Amino acid sequence: MIKLFDTAISDTVPMVFSPDETIGMYVCGATVYGPPHVGHGRFALVYDILWRYLEYSGYKVIFASNVTDIDDKIIDRANREGRSWRSLAAESEEQWWRNMELLNVRKPHHTPHATDYIDQMIESIVKLEEKGYAYRLDDGVYMEVGRLSSYGLLAHQNLDTLRSGARVSVDQSKHSPLDFALWKAAKPGEPTWGSPFGAGRPGWHTECVVMASSLLGDDFVLHGGGLDLCFPHHENERAQAQALSINFARHWIHNGLVEVGGQKMSKSLGNYITLEEMFHEHNPSAYRLLVLQSSYRSPIEVTADLMNDAEKALERINALSRRLDDIQNSTSYDDLQLSEAMSGIDIDEKRHNFVNMMDDDFNTSSATALLFTSLRQANTLLDHHDVVSGYRLGKFVVEAFIMLGIGNLASTEAIDPKALAIVEARDAARLSRDFAKADELKSQIELLGYRVEDSTDGTKLRKIN
RNA sequence: GGCGGCGUGGCCGAGUGGCUUAGGCAAGGGCCUGCAAAGCCCUGUACCCCAGUUCGAUUCUGGGCGCCGCCUCCA
């Protein structure tokens, strides 16, 4: 049984779904108007890990995450740069997927674009009008929040307290400052679509409700997003769904934000690092490991120091992976398959514990701790020549990390033949105990970008990053 | 002002009413090595402050201090 922290309930609850049910999962995705930053990378990683784990647990998942390709910010920036909003959105989206690929974030089954769902959104707004939940003003169609019984569930406040905290609305004609735009009337120079309420474009909240329910149905399991979307965005999605009498998400989950010096990383604050900037200095897999080592709900800092630490930890996984590959490529591998393990290490029990940790609100921090402990044990076993036990335990560790998306463990890059030639010369020098020459040759190899590792089964080279 | 959350050893970060030395990184000492690298072993430094509940609290309750998020677009 998987338990998760449900924002609507403010508690950890069993995830509700039947075992043969396909788990519908919707996460608010990117608004494509610029390069994605480290904060965007985190939410993408969090839900990618969650998705991978649900599948590992044997469940069928259908995952949808939207691409908001029409929005104030896209229009503003396109206008500023004197280009079309379509080309800006298309280019930014391409950049988004490129970055996701580097993070080893799998593309969701569905990546709906807001502009492809305008008709359905209009239908949805018409229904809301018919039911009396919407009203028209000069600048658009608004949702009458006061008519809903459970508005404020995700914000954990009622309408009155929310209303008293609301800043004075620019638009005084709204019935309540909390009422939000379902449809924004056309302004000069903006892209528009025709509708029964005049030319304009849909509001952000409308997009997600319509796309989520058309792709996943009226009753799906999980709705996720960044903690900063909890209110008002998710609240307003829920409001519309409720007004339309659809069940919508059974569970709401929110990931913690990335902070910089204790403050939220955001485009508006300008304190962000783009993913591309990060990848320039660090291994993208190290970022995933950093995310895995903390709780998905906590805020995290992502500094160069922490990334360096994560890279070192990642290197330990890589080293074990290489060690296992060497065993697999060795001549005695077939015999090894048939041999009995000497130690009494119970891998099934470890897997069981791993699963229990992950089932407990996706406790990746404890789960990776278990993997690192096992990693050390595997190395110890291999050091002590219990190859069978060590290999099997090591395999468990590496496969679990791969399942969590820590990929690219084995370098497939061919080694520079020049370096290989020097290695041969160095081996000869070592054999004749000419260590001065051997050391000289070693530094030549290092200049070519490789680290030398002597071992009982030959000299190995490893690329220095 | 309202609501939600957080404060763990040098740094990051799980967790628990009474031995988890959680884990990662860093530091010190060793083993291995021609020297290294990789790996392994050992070691130290904790639970914001003050009360209370309890035989016992880092973990529960109350108060304080500090920090963060949301209440406006934001992953």
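The sequence lines fix the lettering, A, B, ..., with proteins before strands; numbering per chain opens at 1. All values reported here derive from a predicted model rather than from experimental measurement. The figures that follow rest on heavy atoms only: side chains count, while hydrogens, waters and symmetry mates do not.
Nucleic acid contact for A/Ser295: sugar-phosphate only, since backbone atoms but no base atoms lie under 4.0 Å from a heavy atom of the residue. Contacts of A/Asp305 with the nucleic acid, taken as non-hydrogen atoms under 4.0 Å apart, are absent. Residue contacts for A/Met357: at a heavy-atom cut-off of 4.0 Å it reaches no nucleic acid atom on any strand shown. Looking at heavy-atom distances under 4.0 Å, A/Lys460 makes no contact with the nucleic acid at all. A/Phe231 comes within 4.0 angstrom of sugar-phosphate atoms only, judged by non-hydrogen atoms across all strands, and of no base. If you check every strand for non-hydrogen atoms under 4.0 Å, A/Leu370 touches nothing. The residue A/Gly152 sits apart from the nucleic acid: no heavy atom pair falls under 4.0 Å. Among the protein residues, A/Arg77 comes within range of no part of the nucleic acid, since none of its heavy atoms lies under 4.0 Å from any strand. As judged by a 4.0 angstrom heavy-atom cut-off over every strand, A/Arg297 is placed among residues making no nucleic acid contact. Nucleic acid contact for A/Val258: base, since at least one base atom lies under 4.0 Å from a heavy atom of the residue. The residue A/Gly262 sits close only to the backbone: its heavy atoms come under 4.0 Å of sugar-phosphate atoms, none of a base. Contacts of A/Glu301 with the nucleic acid, taken as non-hydrogen atoms under 4.0 Å apart, are absent.
Nucleotides B/A27 and B/U59 have their C1' atoms positioned 29 Å apart, rounded to a whole Å. Nucleotides B/C12 and B/C47 have their C1' atoms positioned 15 Å apart, rounded to a whole Å. Nucleotides B/U45 and B/C11 are separated by 15 Å at their P atoms, to the nearest Å. Across the P atoms, B/U54 and B/C71 are found 44 Å apart, a figure rounded to whole Å. Comparing the same atom, C1', in B/A36 and in B/G69 gives a spacing of 49 Å after rounding to whole Å. Taking atom P in both B/G13 and B/U8, the straight-line distance is 9 Å, to the nearest Å. Distance check on atom P: B/G23 versus B/C41 gives 11 Å, rounded to whole Å. Distance noted for atom P between B/A26 and B/A38: 10 Å (whole Å).
For A/Arg433, whose side chain is taken as the heavy atoms from C-beta onward, the closest listed nucleotide among B/G34, B/U72, B/G24 is B/G34. Of the candidates B/A37, B/G13, B/C41, the closest approach to any side-chain atom of A/Arg451 belongs to B/A37. Distances from the side chain of A/Asp383 to the nucleotides B/G39, B/G69, B/A37 place B/G39 closest. If you check B/A26, B/G34, B/C41 against the side chain of A/Asp439, the one that comes closest is B/G34. For A/Ala319, counting side-chain heavy atoms from C-beta on, the closest listed nucleotide (B/A38, B/C25, B/C70) is B/A38. Among the nucleotides B/G23, B/G69, B/A75, the one closest to any side-chain atom of A/Phe372 is B/G23.
Between A/His254 and A/His234, the ring planes are tilted. Angles from 30° to 60° get that label. Ring geometry for A/Tyr26 against A/His223 counts as tilted: the plane angle lies between 30° and 60°, on a 0 to 90° scale. By the 30° and 60° cut-offs, the orientation of the rings of A/His233 relative to A/His205 is tilted. Using bins of under 30°, 30° to 60° and over 60° for the plane-to-plane angle, the ring pair A/His40/A/Trp96 lands in the perpendicular bin.
When both pairing distances are held under 3.5 Å, B/C60 makes a Watson-Crick or G-U pair with B/G52. Remark: B/U16 base-pairs with no nucleotide in the shown strands. Criterion, Watson-Crick or G-U wobble with two distances under 3.5 Å. When Watson-Crick and G-U wobble pairs are counted only if both distances are under 3.5 Å, B/G39 pairs with B/C31. Across every strand in view, B/A75 sits unpaired, with no contact that passes the Watson-Crick or G-U test at under 3.5 angstrom. Base pairing of B/G69: its partner is B/C3, meeting the Watson-Crick or G-U wobble criterion (both donor-acceptor distances under 3.5 Å).
Ion pair A/Arg430/A/Asp454 flagged as a salt bridge, since at least one NZ, NE, NH1 or NH2 atom sits closer than 4.0 Å to an Asp/Glu carboxylate oxygen. Between A/Lys184 and A/Asp139 there is no salt bridge, since no side-chain nitrogen of the basic residue lies less than 4.0 Å from a carboxylate oxygen of the acidic one. With salt bridges taken as basic N to acidic carboxylate O contacts below 4.0 Å, none links A/Arg426 and A/Asp434.
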- request: Indicate for each nucleotide in nucleotides 1-9 of chain B, in 5' to 3' sequence, whether protein heavy atoms under 4.0 Å reach the base (B), only the sugar-phosphate (S), or nothing (-).
  value: BBS------
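Note: CG (A/Asp179) to P (B/U72) measures 12 Å, nearest angstrom. In this structure, the CG atom of A/Leu290 is 17 Å from the P atom of B/C11, given to the nearest Å. Straight-line distance from the CD atom of A/Glu259 to the P atom of B/C12: 12 Å, rounded to whole Å. Between A/Asp309 atom CG and B/G24 atom P there is a gap of 12 Å when expressed in whole angstrom units. Atom CZ of A/Phe354 is separated from atom P of B/G23 by 17 Å (rounded to the nearest Å). As a whole-Å value, the separation of A/Arg42 CZ from B/G69 P is 14 Å. Remark: P of B/G24 and CG of A/Leu404 are 16 Å apart, rounded to the nearest angstrom. When rounded to the nearest whole Å, the span between CG of A/Leu382 and C1' of B/C32 equals 15 Å.
Scanning atom types as modelled, one donor and one acceptor separated by under 3.5 angstrom connect the side chain of A/Asp454 and the base of B/C35. Between the base of B/C73 and the side chain of A/Lys267 there is no donor-acceptor pair shorter than 3.5 Å. Looking at A/Asn363, its side chain has no donor and acceptor atom pair within 3.5 Å of the base of B/G15.
Taking each heavy atom of A/Cys28 and A/Glu237 in turn, the nearest pair found is SG-OE2, 3.5 Å. A/Ile273 and A/Met278 get closest at one heavy-atom pair: CG2-N, 4.2 Å. In this structure, A/Asp179 and A/Val145 approach most closely via the heavy-atom pair OD1-N, 2.9 Å. Closest of all the heavy-atom pairs between A/Leu88 and A/Tyr33 is CD1-O, 4.2 Å.
Within the 4.0 Å cut-off from OP1 or OP2 of B/G23, not a single side-chain nitrogen or oxygen of A/Arg316 is found. Here A/Arg376 reaches the OP1 or OP2 of B/G24: one of its side-chain N or O atoms lies under 4.0 Å away. Note on A/Asn379: a side-chain N or O is less than 4.0 Å away from OP1 or OP2 of B/C40. Taking 4.0 angstrom as the limit, A/Ser298 places a side-chain polar atom (N or O) nearer than this to OP1 or OP2 of B/A14. The phosphate of B/A75 (OP1 or OP2) has no side-chain N or O of A/Lys264 nearer than 4.0 angstrom.
Along RNA chain B, the nucleotide nearest to A/Ala436 and the one nearest to A/Ser366 differ in position, and the one closer to the 5' end is contacted by A/Ser366. Across the interface with RNA chain B, nearest-nucleotide mapping of A/Arg323 and A/Arg426 shows A/Arg426 to be the residue nearer the 5′ end.
A/His109 NE2: more than 12 foreign heavy atoms inside a 6.0 Å radius.
The stacking criteria are not both satisfied for A/Phe43 over the base of B/A75, which would need a centre-to-centre distance under 5.5 angstrom and an angle between ring planes under 30 degrees.
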